[in-house]
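In each ligand, atom 1 is the first atom listed, and ligand 1 is the first ligand listed.
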Amino acid sequence: MRAIPGRESPGEWRVPVLDIRFATARSASGAVAVVVPSGSPDAALDLLKLGPADLAECAAFLEDVEHSGSAGTVHTLPRPGRKPSRLLFAGIGDGDEAGWRSAGAALARKARTETSLRVLAAHDTPPEAVRGLAEGLWLASYRFSLADTEPDPLRRVTVALPATGETTGALEQARAVVTATVLARDLTNMPSDRKTPAWFARQVVKAAAGVPGLTVEVREPSYLAAQGFNAILAVGRGAATERGPRLVEMSWRPRGAKRHVVLVGKGITFDTGGICIKPTSNMRLMRKDMGGAAAVIGATLAAAAMRLPVRVTALAPLAENALGADAMRPGDVVTHYGGLTSEILNTDAEGRLVLGDAMAYAVRRLRPDVMIDLATLTGAQGVALGKRTAAMYSYSDTLAGALATAAAASGESVWRMPLSDDYADELDGDVADLVNSTDIGAGSLLAALYLREFTGPLRDRWAHFDMSSPAWSDSNDGELAKGATGWGVRTLTRWLETAS
Ligand code: BES
Ligand code: MN
Ligand code: ZN
């Protein structure tokens with residue numbers, strides 16, 4: 001399905017490669033899946049083209065297992081010695097895209113050990129259903145391992161629909177968004193011994209290679225110093241030189257684009273907390289602290305793969321927040337790109353520091369129409385909204401509304417939070433413009449207010465996502481595989497599809 005972008009040497013890791021295609025001719029062997037809508041379990045049985053006795057057996061089976069058709073439920077009927085040899089009944093709920101996505105994910109898990117799977121579908125199945133099914137199948141069959149493990153036997157899924165412009169178009173949309181999500185997951189799952197800022201930058205260069213209209217620039221510490229990206233440098237200064245900071249700029253510039261969107265993603269390749277070191281349990285998963293950067297890179301790649309008519313620039317400020325003899329200290333003052341100063345009260349509030357530089361650069365140099373940033377920014381996000389729902393902040397009802405719609409359509413969850421001005425003076429510094437941390441609670445909101453200071457004239461055309469917890473899943477759950485989720489690729493890509 002894709003070149004493996006993160007792999008630096010053959011066999012370093014494997015991902016499942018599932019070939020999804022359309023074919024109307026019946027296949028001789030393998031398992032067959034039938035979709036079951038909510039409330040009308042028998043509706044889909046016609047598609048099976050079985051004799052009356054077999055049909056009666058299926059109907060009795062569905063009644064027996066009490067198949068309600070709810071999205072994501074799969075029941076398997078073995079039929080030894082007969083064809084098809086196994087029937088998988090997959091609920092699609094109301095039959096909307098989300099229902100098909102759940103069905104695809106559940107089928108990918110249930111059919112892992114089959115050698116092939118054929119999914120029957122009515123001839124009037126809409127393209128959104130195809131997109132949902134393919135996204136579910138692909139995303140749920142994702143695995144990340146550095147061990148030399150065997151991939152699952154399931155290699156091919158055929159969908160019993162003709163390959164028309166609409167169906168293949170939907171499949172290609174799914175492929176673009178899944179490829180980008182898989183890249184974001186791979187980058188985020190990669191342990192931080194390998195995942196240095198330079199390594200991350202190299203993967204971005206590789207992923208963009210050969211895509212027409214897509215360019216990548218990687219800025220090294222000497223450039224960052226000359227241009228005044230002092231906060232990115234400060235955060236990265238505790239790390240070894242080979243693990244020093246980078247600023248990656250990826251740009252998709254289609255001809256004739258009217259709108260320019262800048263996406264900024266937090267790229268902390270590991271967050272120890274710095275001198276304000278984290279306790280072990282809080283540090284364990286901090287290789288995911290570049291999930292925002294991975295998502296904005298992924299979404300930009302997807303925009304290019306879909307050839308969306310909107311200009312997109314992704315900025316990934318990358319640094320390892322380590323302890324070291326030269327690490328930034330509490331009380332230090334840094335001058336951001338563009339001149340704002342921050343007093344570092346807590347070296348563990350490093351994400352907003354690197355984002356401040358990148359956002360100030362975006363505003364001054366790229367002059368976008370819209371700016372969106374994504375960051376695993378605060379533990380407080382998870383306290384407020386839990387594992388699956390990201391916090392969204394924006395002054396624009398229109399932008400927030402469009403992003404919420406895109407999130408819902410793509411299967412990701414967001415909740416809009418307030419940018420309460422009352423707390424803003426808490427961020428005033430004694431010896432600098434800003435302090436990078438406060439003690440008054442509302443941690444996710446205050447981080448958003450801090451970032452606001454770097455939006456300049458874009459304040460009303462800016463949205464911020466705090467996706468600290470949703471960046472990771474503790475279990476296989478629907479289309480999410482245990483580990484990195486690639487959160488944000490789907491929401492951003494959906495939104496970009498409508499953002500021209
Ligand atoms: N990367 C963390 C936030 C985080 C926590 C992400 C848990 C994912 C899961 C961030 O850099 C951080 O440490 N934030 C501090 C901010 C505080 C010092 C103001 C936090 O949330 O405690
Ligand atoms: Mn931190
Ligand atoms: Zn962090």
Q) Less than 4.5 Å apart, any side-chain heavy atom of Glu97 and any of Arg131? A) yes
Quick check on ligand 1: any N or O pairs to the protein under 3.5 Å? One line per pair.
| from | atom 1 | to | atom 2 | distance (Å) |
| --- | --- | --- | --- | --- |
| ligand 1 | 1 (N) | Lys266 | NZ | 3.3 |
| ligand 1 | 1 (N) | Asp271 | OD2 | 3.2 |
| ligand 1 | 1 (N) | Asp289 | OD1 | 2.9 |
| ligand 1 | 1 (N) | Asp289 | OD2 | 2.9 |
| ligand 1 | 1 (N) | Thr376 | O | 3.4 |
| ligand 1 | 11 (O) | Lys266 | NZ | 3.1 |
| ligand 1 | 11 (O) | Asp271 | OD2 | 2.9 |
| ligand 1 | 11 (O) | Asp348 | O | 3.1 |
| ligand 1 | 11 (O) | Glu350 | OE1 | 2.9 |
| ligand 1 | 11 (O) | Glu350 | OE2 | 2.9 |
| ligand 1 | 13 (O) | Lys278 | NZ | 2.8 |
| ligand 1 | 13 (O) | Asp348 | O | 3.0 |
| ligand 1 | 13 (O) | Asp348 | OD1 | 2.8 |
| ligand 1 | 13 (O) | Asp348 | OD2 | 3.2 |
| ligand 1 | 14 (N) | Leu377 | O | 3.3 |
| ligand 1 | 21 (O) | Gly379 | N | 2.8 |

Establish, from distance only, whether the side-chain atoms of [X] and [Y] form a donor-acceptor pair under 3.5 Å.
{"X": "Asn230", "Y": "Thr335", "answer": "no"}
{"X": "Ser413", "Y": "Thr389", "answer": "yes"}
{"X": "Arg365", "Y": "Tyr337", "answer": "yes"}
{"X": "Arg253", "Y": "Thr313", "answer": "no"}
{"X": "Asn436", "Y": "Ser342", "answer": "no"}

**Q.** Closest approach to the Zn ion (ligand 3) by Glu350, given as the N, O or S atom name
**A.** OE2
Q. Between Arg452 and Asp421, does a salt bridge (charged side-chain N to carboxylate O under 4.0 Å, His left out) hold up when you go through it step by step?
A. CA-CA 11 Å; Arg452 176 184 83 169; Asp421 237 334; 2.9 Å; yes
Q | Within 45° cone of Tyr142 ring axis and under 6.0 Å: Arg185 NZ or CZ | A | yes
Q.
Using a distance threshold of 2.8 Å, state whether an N, O or S atom of Glu350 lies below it from the Mn ion (ligand 2).
A. yes
(Q) Quick check: of its N, O or S atoms, which one does Asp271 have closest to the Mn ion (ligand 2)? (A) OD2
Q: To the nearest 10 degrees, could you say what angle the Zn ion (ligand 3) makes with NZ of Lys266 and OD2 of Asp271?
A: 170°
(Q) With a cut-off of 2.8 Å, does Asp289 put an N/O/S atom close enough to the Zn ion (ligand 3)? (A) yes
Q. Would one find an N, O or S atom of Gly351, in either backbone or side chain, under 2.8 Å from the Zn ion (ligand 3)?
A. no
Q. With the threshold set at 4.0 Å, does a side-chain nitrogen-carboxylate oxygen contact exist between Lys266 and Glu350?
A. yes
